[in-house]
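The analysis underlying the following values was restricted to heavy atoms, covering all of them including side chains, and did not include hydrogens, waters or symmetry mates.
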Amino acid sequence: MFENRREIMQDVFLTYLPAQHFKTSRLTLNLIAPLRRETASANALLPAVMRRGTVRYPDMESLSAALDTLYGANIDYTVRKKGERQCVGFAAGFIDDAFTPHGEKLLEPVAELLGELLLEPVTQRGRFLSEYVDSEKANLIDAIRGLKNDKRDWADIRLMQEMCAGEPYSVLRLGDEETASRLNNQTLYTHGQALLSGSRVELIYCGSAEEKRVEDAALAALAALPRGAQTELPPVERVQAPAQPRLVTETMDVTQGKLAMGYRCGSDDYPAMVLANLIFGGTSNSKLFLNVREKLSLCYYASSSYARSKGILTVSSGVETKDFRRAEEEIGRQLAAVQRGDWEDWEQEGALQAIRASLLSLSDSQGALENFYLGQIASGVEETPEELAAALEQVTKERIMAAAQTVKPDTVYFLSGKEEA
């Protein structure tokens, strides 16, 4: 467990990130649940409905007025996917005590309001207000449908749905339209009660308040939190690549083809895999960018990313339909070059400096820092940004090659225009 994370109530953990250089503080509350198709939509809808009002402030108007009295503090609901975990809850931002006009303490009233949103949402006859649920359900369904609007993102989504079919990782953070449409104010309330009592709660604070004060504020806000048997978070599924990679082709109204490729990685050497991915396609100095995009002009864009929790590497690219096969083959050749160790010292050094700068810059953003720690916690990993940066400095070329050699092709997804199909 992180030195700065500890259990303050049964299955309630506080991660304390002291920071003196911000004019604001950030406090987030996250319920950690298994990512499941049958519950993802309900989990995503729940904080949106809770954010509509509390017993004390039963509508958005009165809730906004209350936040205004706290010098414009803001509380938004959050729905995040971290590996095969769904993290839902609230994120509050407010002026740090050092910068309030008369030295007012905002941490306690903001934490209290967070607790009210979670534990005292406005209800009627033992269920959520139907108008709130219907309104937020329509917004959720619109957001799910809207995922198709960005064809680059949609191709990446479809790749994961095909590659990880039957695995929790294929489930969208918002769930699916069919499941969402079946929710109502009674079923959502019942689901919410079970989620509250059975989920691990992760609080993350970033600001200048002393740790004891943050803990006391959190304990007071969550005093009425029901605690039952915690829902077990199953281990993340690690799957082998098939003997023969799968090809999935689809058509939509697109002017530019979208090629997405997925690989399974067998290495547990995370720092080495990070650098292998960066050399391959993770930066503007990568092999995919310099060769496939710039030198050969086979792609409008080409980049890769690595998901540690699942051991999955993906490539996202935009290509002309006529260049689909050539681009696919060339991407494979660039991966093979990394596996052979066919790169210059400057490529490895550039990759190292890029990730090192990214990690060390996390401390410049409360949101980025909180998101990093939530991802680590949800995945059961404990490196701080500084520890990970130090581990990356020790990675050798041989380790990068060894990690890259465990990368095996799994699925190729190509989305083309209808007139070209």
Side-chain angles (χ1 to χ4, degrees), residues 12 27-67 73-82 85-93 110-147 171-203 221-222 224-226 228 231 374:
V12 178
L27 177 64
T28 65
L29 185 155
N30 307 275
L31 304 174
I32 313 297
L35 183 64
R36 295 172 178 158
R37 189 171 305 279
E38 59 269 25
T39 57
S41 294
N43 290 345
L45 182 58
L46 186 66
V49 172
M50 288 176 161
R51 178 61 177 76
R52 292 292 293 266
T54 70
V55 172
R56 186 160 55 132
Y57 307 111
D59 51 43
M60 293 291 285
E61 184 178 0
S62 59
L63 191 56
S64 295
L67 289 166
N74 63 81
I75 299 179
D76 294 319
Y77 71 89
T78 60
V79 181
R80 289 178 276 188
K81 172 180 173 179
K82 299 294 183 181
R85 311 283 183 253
Q86 194 177 16
C87 309
V88 301
F90 303 100
V110 169
E112 182 182 14
L113 191 48
L114 269 178
E116 289 181 38
L117 288 169
L118 189 73
L119 302 175
E120 299 178 26
V122 60
T123 58
Q124 189 174 49
R125 293 190 295 275
R127 62 189 68 184
F128 290 123
L129 301 188
S130 59
E131 57 265 37
Y132 287 0
V133 173
D134 291 343
S135 173
E136 294 302 332
K137 183 169 73 171
N139 291 339
L140 176 62
I141 291 173
D142 284 346
I144 294 170
R145 290 174 177 171
L147 294 172
V171 178
L172 298 176
R173 71 179 181 91
L174 299 178
D176 63 274
E177 182 179 343
E178 180 184 355
T179 307
S181 66
R182 294 198 297 266
L183 295 169
N184 59 46
N185 59 336
Q186 179 61 64
T187 59
L188 184 66
Y189 183 79
T190 301
H191 175 79
Q193 293 303 107
L195 188 67
L196 282 179
S197 64
S199 296
R200 190 174 84 225
V201 178
E202 293 287 347
L203 294 158
L222 299 179
L225 179 69
T231 301
L374 180 62

Using a 4.5 Å cut-off on heavy atoms from C-beta on, say whether the side chain of [Y] contacts that of [X].
| X | Y | answer |
| --- | --- | --- |
| Leu222 | Leu29 | yes |
| Val122 | Arg52 | no |
| Asn184 | Val133 | no |
| Glu112 | Arg56 | yes |
| Leu188 | Leu46 | yes |
| Val49 | Lys137 | no |
| Leu67 | Asn74 | no |
| Ser62 | Thr54 | no |

Applying ring-ring contact (aromatic ring centres under 6.0 Å, His included) to Tyr189 and not counting sequence neighbours gives Phe128
Rounded to the nearest 0.5 Å, how far does [atom2] of [Y] lie from [atom1] of [X]?
| X | Y | atom1 | atom2 | result |
| --- | --- | --- | --- | --- |
| Thr179 | Ile144 | OG1 | CD1 | 8.5 Å |
| Leu63 | Met60 | CG | CE | 6.5 Å |
| Leu45 | Leu140 | CG | CG | 6.0 Å |

Distance-only polar pair, side chains of Gln186 and Thr190, donor-acceptor under 3.5 Å: yes
Mind checking side-chain contact (heavy atoms from CB on, under 4.5 Å) for Pro34 and listing every partner two or more places apart, or none if nothing turns up?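 Pro34 satisfies side-chain contact (heavy atoms from CB on, under 4.5 Å) with Arg36, Thr231, Leu233, Pro234 once adjacent residues are dropped.
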Counterpart residues, side-chain contact (heavy atoms from CB on, under 4.5 Å), relative to Leu374 (two or more places apart): Asn30, Ile32, Arg80, Lys82, Cys87, Ile204, Glu370
Do side-chain atoms of [X] reach the backbone of [Y] as a donor and acceptor pair under 3.5 angstrom?
| X | Y | answer |
| --- | --- | --- |
| Ser64 | Glu61 | no |
| Arg173 | Val79 | yes |
| Gln86 | Ala40 | yes |
| Ser199 | Leu196 | no |

May I have the step-by-step check of salt bridge (charged side-chain N to carboxylate O under 4.0 Å, His left out) for Glu177 and Arg145, ending in yes or no? CA-CA 8 Å; Glu177 182 179 343; Arg145 290 174 177 171; 2.6 Å; yes
Contact summary for [X] and [Y], nearest pair of heavy atoms:
| X | Y | value |
| --- | --- | --- |
| Thr78 | Ala91 | CG2-CB, 3.9 Å |
| Asn185 | Arg127 | ND2-CD, 3.1 Å |
| Ala180 | Ile141 | CB-CG1, 4.1 Å |
| Ala224 | Leu119 | C-CD1, 4.0 Å |
| Ile75 | Val110 | CD1-O, 4.5 Å |
| Ser41 | Gly175 | OG-CA, 3.4 Å |

Can you list the residues that meet the side chain to side chain donor-acceptor pair (under 3.5 Å) rule with Ser130, with sequence neighbours excluded? none
Under the rule for side chain to side chain donor-acceptor pair (under 3.5 Å), what residues qualify as partners of Gln124, not counting sequence neighbours? none
May I have the step-by-step check of side-chain contact (heavy atoms from CB on, under 4.5 Å) for Tyr132 and Asp59, ending in yes or no? CA-CA 9 Å; Tyr132 287 0; Asp59 51 43; 3.6 Å; yes
Trace of the side-chain contact (heavy atoms from CB on, under 4.5 Å) decision for Lys81 with Leu35: CA-CA 8 Å; Lys81 172 180 173 179; Leu35 183 64; 3.7 Å; yes
Could I get the full list of salt bridge (Lys or Arg N to Asp or Glu O under 4.0 Å) partners for Arg125, not counting sequence neighbours?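 Arg125 satisfies salt bridge (Lys or Arg N to Asp or Glu O under 4.0 Å) with no residue once adjacent residues are dropped.
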What do the steps show when you test Leu118 against Val201 for side-chain contact (heavy atoms from CB on, under 4.5 Å), and what is the final call? CA-CA 11 Å; Leu118 189 73; Val201 178; 5.7 Å; no
Hey, is OH on Tyr77 packed in by over 12 heavy atoms from elsewhere, all under 6.0 Å? no
